[in-house]
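Throughout, a chain's letter reflects where its sequence line sits, starting with A, and its residues are numbered from 1.
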Amino acid sequence: MELNDIIKEENLVLKKSRLLTDNVMHYCPGCTHGVVHKLIAEVIEELGIQEETIGVSPVGCSVFAYNYIDIDWAEAAHGRAPALATAISRLHPEKYVFTYQGDGDLASIGCAEIMHACNRGENIVVVFINNAIYGMTGGQMAPTTLLGQVTSTTPYGRDAKLNGFPMKITELLAQLDGTCYVTRQSADTPAAVRKTKNALKKAFQNTRLKKGLSFVEVVGTCNSGWKMSPVDANKWMRDNMFKKYPLGDIKDV
Amino acid sequence: MAEVKLMKGNEVIAETAIRCGCDGYFGYPITPQSEVMETLMLRKPWEETGMVVLQAESELAAINMVYGGASCGKKVMTSSSSPGVSLKQEGITYIAGAELPCLVVDVMRGGPGLGTIQPSQSDYFQATKGGGHGDYHLIVLAPASVQEMSDFVVLGFELAFKYRNPAMVLADGVIGQMMEKVVLPDYTPRRTDEEIEKQCGDWALTGKKNRERHIITSLELEAHRQEVFNEKLQRKYREIEANEVRYEMLNCEDADYVFVAYGSTARICQKSIQLAREQGIKVGLLRPITLYPFPTKPIADLCSKVKGFMSVEMSAGQMVEDVRLAVEGRTQVEFYGRMGGVVPTPEEIVEALKNKFSI
Amino acid sequence: MAKFRGAIVVDTEHCKGCNLCVVACPTHTLALHHDVNGKGYHYSYMQNPEACIGCASCGLVCPDSVITVYKAEIK
């Protein structure tokens, strides 16, 4: 069997989502953002909700998320995406509204906004990328940075006495009555990617059912910030991040 | 039928918002304007017009909710008082940078810091010169009566949508708290989706349907493109300055001296004019209604006819700088103000005029 | 049981050579090419095309969506 016999439209198994634009992602090679963007695009495409979906991008590496998924977008101020999403969802109750936020954006500067959006049970989806570092600004400590982890503002490793502890914001948010679905996933293996996609799909379906706020954390890598190769970063994540941030559903009401 | 009522300034903001077809109000309690949200919650407009009213967790959240709502082409607003408006500056500069229409009501109290809950006009600079970071302006309307609290909610939204620019109603605690007769506007229904599409269809977030996706952002990393955008904003401000200056003149025809005052101070000056004229001093009043755009030309035109201007403010002297810029040294410009929440009396204003101009 | 053969097409100009697909491939089909693309990245390619089973693991983990996967039954 020749390659030409295989590479035919009828044999297609996987291709780039129609909802991903042709813009080349600005992310570093191997960045988790790219995988999660792809999954969101696929979920929106498969649910047939492109015309009804409005995304809110954060400040951080994913500030340009709006360049990559072909839907309407608002770009929020740092940490405020849940506030924008609240108003958009309340004023467009029939729409699918989601925020896409990193750990600095969501767990540090936007802590109040995410807490209260969750507490009000806004009918939105929150996608939270936790790579334990500030990527865009050059690898500073995030609230989720692990103890001992070296960043540009914890050059001797995160020290609990000096910097406090890694923040399990997802577990905190699961305590709030307004959240209906809280899960933590990853995107480092084909199986993990499939699970994350299922979680995202479920989250958007919850919006359709008006169940409240669905929160999908994806533990990811920042290989540039961590100063590792993408493959080594995945290994480091599995060996270190997963211990502090165990994968799986935390809440499913 | 127009409805005449006796109402508080802050209540009128809320009532007019409902009547003019506002889609959403997002606020956070702060004295002396908490009645705005209280009135809305009591009126339950979501049952009547479908207007969304939400008490946010902070002023930061409230203004960013306004940012979100405005992104959708909706008619959205917030209200606050000085310390709260300082917090809102982050969102306001994003809204200005993303060229979105919205209304912000600031019922000023004294500062700096937590300051006082008494009325003040010490946020003139913040309101008229931008307030947050970056080169931008709000359209700033200064009501001097409860009636204008109503009128300027309507006008503020109108101008905000006309120029895709945030508008501010800059009141002070006196106007917010006092009760007066007000003629409320007739009900205007909230715009339908089709009407929003017609008015804001080339930019608003309505869902990507049979068109290119819309992106609301104030971000542009390429310096030259950002400059092109800045130039576009500046052209808009020049247009606003050319078309939207509003002011009122009182007793200026024969005046030797002219008070420049806005808001509640302008009302007090009216009594001062009467007192001064009883003493044979011919005084008039120029009341800026738009603080941005500032009535520069009307003041300049008076220069050759008067012996001087006196800016009267409840501040350390902020608007007086714009008066001086308008006068450009052609005549004497003086300032009289009280701070800290102290409201000047008509008599002390006349005394100040006599002292400063050696009358 | 039916047997399958797969094949992938890499958008080589947009591949960033992160190597995640190479590691994810269960049949060691993929490798990074000795040559580089216009951006200087060693792009992914099928070093052993006959080993490909069309499982799409590479495409799933690819952050830049540059891999298209095909799968055909061997008759």
Side-chain angles (χ1 to χ4, degrees), chain A residues 1-42 61 68-69 129 186-197 220-221 223-224 228-235, chain C residues 2-27 29-32 36-75:
Chain A
M1 204 173 199
E2 294 299 312
L3 278 182
N4 285 342
D5 299 325
I6 307 170
I7 301 171
K8 284 181 177 169
E9 193 62 27
E10 65 261 32
N11 294 333
L12 187 68
V13 178
L14 186 78
K15 66 166 187 173
K16 181 177 159 178
S17 166
R18 184 176 61 78
L19 261 63
L20 283 175
T21 65
D22 290 334
N23 296 323
V24 178
M25 290 192 186
H26 69 287
Y27 301 116
C28 305
C31 179
T32 310
H33 280 307
V35 182
V36 182
H37 283 16
K38 169 178 70 180
L39 297 180
I40 293 171
E42 288 174 359
C61 277
Y68 308 126
I69 304 177
I129 309 298
S186 71
D188 54 321
T189 63
V193 171
R194 284 199 182 90
K195 277 190 185 171
T196 299
K197 183 171 173 181
T221 62
N223 55 75
S224 292
M228 296 174 195
S229 73
V231 173
D232 288 347
N234 269 342
K235 184 175 183 317
Chain C
K3 288 205 166 182
F4 291 93
R5 266 204 62 192
I8 66 162
V9 176
V10 178
D11 178 355
T12 53
E13 271 314 299
H14 292 131
C15 174
K16 293 175 184 165
C18 70
N19 207 34
L20 291 181
C21 57
V22 176
V23 174
C25 177
T27 61
T29 303
L30 304 179
L32 294 186
V36 294
N37 64 16
K39 291 264 170 66
Y41 292 123
H42 294 279
Y43 51 86
S44 172
Y45 80 115
M46 289 198 288
Q47 193 177 41
N48 308 303
E50 60 287 345
C52 180
I53 53 171
C55 70
S57 292
C58 53
L60 285 169
V61 299
C62 175
D64 293 282
S65 300
V66 298
I67 301 175
T68 309
V69 183
Y70 299 89
K71 183 179 182 181
E73 195 176 337
I74 303 171
K75 288 170 187 151

Proximal component of Glu73(C), with respect to chain A [non-hydrogen, under 4.5 Å]:
backbone

Going by the side-chain contact (heavy atoms from CB on, under 4.5 Å) test, name the single residue among Asn48(C), Val22(C), Val23(C), Val10(C) that passes it with Leu30(C).
Val22(C)

Given that the side chain runs from C-beta out, which part of Val24(A) has a heavy atom under 4.5 Å from chain C: side chain, backbone, both or neither?
side chain

Under a 3.5 Å distance rule, please check whether Lys16(C) uses its side chain to pair with a backbone N or O of Lys39(C) as donor and acceptor.
no

Side-chain heavy-atom pair His42(C), Val36(C) within 4.5 angstrom cut-off:
yes

I'd like to check Val231(A) versus Leu20(C) (side-chain heavy atoms, cut-off strictly below 4.5 Å). Are they in contact?
yes

Side chain, backbone, both or neither: which part of Asp188(A) has a heavy atom under 4.5 Å from chain C?
backbone

Leading residue by heavy atom contact count with chain A [cutoff under 4.5 Å; candidates Asp11(C), Asn19(C), Ile67(C), Leu60(C)]:
Leu60(C)

What part of Val193(A) gets within 4.5 angstrom of chain C, counting heavy atoms only: side chain, backbone, both, or neither?
side chain

Contact check, side chains of Tyr70(C) and Leu12(A), non-hydrogen atoms, under 4.5 Å:
yes

Would you call Lys16(A) and Asp64(C) a side-chain contact if the rule is heavy atoms closer than 4.5 Å?
no

Check each atom of Leu20(A) against the heavy atoms of chain C and say whether the ones under 4.5 Å are side chain, backbone, both or neither.
side chain

Quick one: sort the Tyr68(A) and His37(A) rings into parallel, tilted or perpendicular, breaks at 30° and 60°.
tilted

Looking at chain C, which one of Lys38(A), Lys15(A), Met25(A), Arg194(A) has the largest number of heavy-atom pairs inside 4.5 Å, strictly under?
Lys38(A)

Can you confirm whether Ser44(C) sits close enough to Cys58(C) that some side-chain heavy atom of one is under 4.5 Å from a side-chain heavy atom of the other?
no

Using non-hydrogen atoms only, which part of Cys55(C) is less than 4.5 Å away from chain A: side chain, backbone, both, or neither?
backbone

Scored by heavy-atom pairs under 4.5 Å with chain A, the best of Cys52(C), Ala7(C), Ala24(C), Cys15(C) is Ala7(C)

Heavy-atom distances under 4.5 Å only: say whether Val61(C) touches chain A with side chain, backbone, both or neither.
both

Under 4.5 Å from any heavy atom of chain C, what part of Lys197(A) do you find: side chain, backbone, both or neither?
neither

